[in-house]
Amino acid sequence: MRAVTIAPRTPGSLRLDDIPAPRPAPGQLLVQALAVGVCGTDRELIDGHYGEAPPGEKRLVLGHESLGRVLEAPAQSAFAAGDLVVGIVRHPDPVPCANCAAGEWDMCRNGLYTERGIKQAHGFCSDFFTIENSMAVKVEKSLGLAAVLLEPASILAKAWEHIERIGKRARWEPRRVLVTGAGPVGLMAALMGMQRGLEVHVQDHNETGPKPALVRELGAKYFSAETEGGYDIIIECSGAPAIIRKVLGFETPNLIVCLTGLSPAPSDVKLELAPWNQAMVLNNQVVFGTVNANRRHYRQAAEALARAGKAWLERLITRKIRLREKWQQAYEKVRGDVKTVILLED
Ligand SMILES: [Zn+2]
């Protein structure tokens with residue numbers, strides 16, 4: 001079968017391979033891959049910044065944003081042939097740590113977890129893949145290709161869950177939300193804010209292209225000017241150091257800032273610590289980072305996508321590239337692009 005692979009930590013090693021199709025072990029599903037989403041993590045893996053092949057292997061199958069159709073399922077599982085599924089990316093560490101033991105592998109304490117398509121486990125960008133039925137999430141068939149957005153959506157489902165847990169430290173009536181960055185992550189953050197009945201503002205440097213319209217169709221406000229304060233919640237999705245410094249300087253009481261974006265390093269943007277500390281202390285502020293998601297967040301995300309509906313979600317997929325065509329183009333960065341998807345089924 002076809003598989004997109006890299007030799008981890010070796011720039012320029014990306015290629016389309018022919019590898020044996022997997023056979024499901026007991027308790028595993030055999031899945032036909034339909035589509036795989038591409039994100040910055042894939043480009044960093046291709047550039048050799050990180051990544052690990054499975055033990056004893058030299059190459060890693062890429063692809064962590066998946067969508068597939070079940071071909072074979074164990075008799076006792078909740079799945080049947082024909083179901084649409086998405087694979088959970090992170091798998092618990094073998095120790096396991098207290099969090100992994102409780103199914104909270106997104107909060108793993110020892111770093112020994114594995115991640116499909118990233119760390120010590122093959123990804124989903126191959127014609128077929130196998131997955132433990134406990135690590136697959138069923139998605140509504142009516143969503144079709146849009147269900148490939150479930151993995152990025154799960155990151156934001158976790159972010160919102162944690163924001164709400166922090167908010168409940170006191171009486172909390174949030175009203176205004178700022179999302180910085182209108183990529184797939186920012187758009188999911190905005191969608192879930194609207195679904196909570198909040199007033200959502202999205203800031204992004206793009207003044208043209210699909211992003212302003214996608215935000216406005218949600219009923220949220222879009223702007224590209226510099227941000228000002230007055231928000232109860234800020235979800236930072238750009239990773240841009242100058243924007244992060246700006247949102248950390250607001251003096252709004254009880255402000256919760258959630259950081260989801262990774263900044264490119266090195267950066268010459270410096271943070272003046274004393275005024276930041278004063279704003280934090282005197283306003284009961286919380287700044288926290290978030291990464292990854294567990295099974296509960298995938299389920300929350302599946303509900304959010306089902307509520308959002310197929311039409312809006314499909315418009316986030318701005319490029320579809322077939323694996324049998326010029327598949328390498330899927331990994332190129334294209335201005336104005338929101339989400340690129342590789343289609344595996346012909
Ligand atoms: Zn762990």
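Counting starts at 1 for both ligands and their atoms, following the listed order. All residue numbers refer to positions in the sequence shown, counting from 1.
Using a 4.5 Å cut-off on side-chain heavy atoms (C-beta onward), L145 and L343 make contact.
Every side chain to side chain donor-acceptor pair (under 3.5 Å) that R59 has, sequence neighbours left out, goes to T5, D17. Taking Q328 as the reference, nothing meets the side chain to side chain donor-acceptor pair (under 3.5 Å) condition, with sequence neighbours excluded.
In this structure, CG on L323 lies 6.5 Å from CG on D127, to the nearest 0.5 angstrom.
Excluding waters, the protein N/O/S atoms found under 2.8 Å from the Zn ion (ligand 1) are D93 OD2, C97 SG, C100 SG, C108 SG.
A cation-pi geometry, defined here as NZ or CZ lying under 6.0 Å from the six-membered ring centre and within 45° of its normal, holds between K119 and Y113.
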Give the table of side-chain donor-acceptor pairs shorter than 3.5 Å for residues 255-267, with sequence neighbours excluded, one pair per line with atom names and distance.
{"residue": "T260", "atom": "OG1", "partner": "E236", "partner atom": "O", "Å": "2.9"}
{"residue": "S263", "atom": "OG", "partner": "G239", "partner atom": "O", "Å": "2.8"}
{"residue": "S267", "atom": "OG", "partner": "V269", "partner atom": "N", "Å": "3.0"}

